[in-house]
Amino acid sequence: MPLSDRILLGPGPSNPYPEVAQAFARPLLGHLDPEFLALLDDTCERLRRVFRTSNELTLPISGTGSAGMEAAFVNVVAPGDTVVVGVNGVFGERMCDVAARCGAEVVRVDAPWGRPLDPGAVLAAHPSPKVIAVVHAETSTGVRTDIEELGRGKGDALLLVDTVTSLGGIPVEVDAWGIDIAYSATQKCLGVPPGLAPLTVSERARERFVERSQSWYLDLRLISDYVSADAGRRYHHTAPTAMVAALHAGLGHVLDEGLEQAWARHAACGEALQAGFEKLGFRLLAADGHRLPQLTSVGLPEGVDEAVVRGALLDDFGIEVGGGLGAWAGTSWRIGCMGHGARRRNVTLLLAAVGELLGR
Ligand code: PLP
């Protein structure tokens, strides 16, 4: 089966939107070409619309989602600062690691895998943290944590939210929810290949930037010079121009479709997929009411070798799904229905293929 037939239904990357493939076919632009700078400005504007924010400092960081995570922390955390981190999966763990490397006193608030974080417990963990950090959509478990209560109760703290798997797939309201720093990644619900990390920072957070970030590459004081024509673009950065063009096209697709319509499409696919997997005898592992439509974690029926069936899905049908992580490795799958992959026909194909392989 040709690789062009692959259907990417793992935890990311998703299949790109058609406009994105066309963007890669355009002539390459230099990073200081006025045409490119105009495209970059428009990409930042499109990101503001998708993040639902008026934050001036909104841009794609050159790097994957983890670069967005590091950029978020290194610019506001100095050694000795208290950072409360909610942990209910792999990416909350990674936040603890990144914060600790910045020298933070990390206060962890854990929730069991498959459960959302308890916003009350996160807010009660410390009387005056500098930062409260949580993952909105935990890709390791398929769980959504509610952000609004954290924004209302954050007090003096900065609210830092990972929206890698949520942006473009479920509502993300940076301004309305009181989020100070949010980062994402291109490869999930934005339907663009991996390589950029959209990031947005409130004025309140900018005022509290550390004097000298511990990373040169991710120093937002420097980078903001590059993305802002008003700041004179003095900072030299060879931006990945083809990727920015691809992101511009992917965001264009999402905005042309309409954010609400994109959320509804993801919701409908997730619902159909989850109902179908239950019928096939799989267990849904994420707590009811907090299940992500774009990332479903399922426990396999008794006696089924997950790696064998997952391999057959790829070899026989060209469909990729992801294996479980951590404690769930070997007994579960993570199925993505994201970006251009979130289509009814993909759900139907996957369910039919799994049914055939299991003889059900
Ligand atoms: N945060 C979440 C929730 C993720 O799902 C991922 C990747 O899957 C990351 C952060 C890290 O992103 P990347 O792998 O693009 O560096």
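For this chain, numbers begin at 1 and follow the sequence in order. Each ligand, and each atom within it, is numbered from 1 in the order the structure gives.
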Going from CE on Met1 to CG on Leu314, what distance comes out if it is rounded to the nearest 0.5 angstrom? 9.0 Å
With a 4.0 Å cut-off on heavy atoms, is His136 touching ligand 1? no
Check the orientation of Trp328 and Trp113. Use parallel for under 30°, tilted for 30 to 60°, and perpendicular for over 60°. perpendicular
If we ignore angles and hydrogens, is there a donor and acceptor under 3.5 Å between the side chains of Thr141 and Ser297? no
Between Glu105 and Thr82, do the side chains contain an N or O donor and an N or O acceptor separated by less than 3.5 Å? no
Are the aromatic rings of Trp177 and Phe51 close, with centres under 6.0 Å apart? no
When you measure from the heavy atoms of Ala137 to every atom of ligand 1, does any distance fall below 4.0 Å? yes
So which protein heavy atom does atom 14 (O) of ligand 1 come closest to, and at what separation? Gln187 NE2, 4.1 Å
Which ligand 1 atoms, with their elements, are less than 4.0 angstrom from a heavy-atom of Thr165? 5 (O)
Ligand 1 contacted by Glu138 (non-hydrogen, < 4.0 Å): no
How far is atom 8 (O) of ligand 1 from its nearest protein heavy atom, and which residue and atom name does that atom have? Lys188 NZ, 2.8 Å
Residue, atom name and distance, where the atom is the protein heavy atom closest to atom 6 (C) of ligand 1: Phe91 CE2, 3.3 Å
For atom 16 (O) of ligand 1, the option (of Ser66, Ala67, Ser184, Pro13) bearing the nearest heavy atom: Ser66
Does Arg48 come within less than 4.0 Å of Glu45, counting only side-chain N to carboxylate O? yes
Atom indices of ligand 1, in the order listed, that fall short of 4.0 Å to a heavy atom of Gly65: 12 (O), 13 (P), 15 (O), 16 (O)
Contact (N/O only, under 3.5 Å) between Thr139 and ligand 1: yes
Polar proximity ligand 1 side, Pro11 side, N/O cut 3.5 Å exclusive: no
Side chains of His136 and Asp162, donor plus acceptor under 3.5 Å: no
Arg334 side chain to Thr139 side chain, donor-acceptor N/O pair below 3.5 angstrom: no
Under 4.0 Å from any heavy atom of Asp162, which atoms of ligand 1 are there? 1 (N), 2 (C), 3 (C), 10 (C)
Short list, please: which atoms of ligand 1 are under 4.0 Å from a heavy atom of Arg94? 11 (C)
Nearest 0.5 Å, please: how far is CD in Gln294 from CZ in Arg144? 10.0 Å
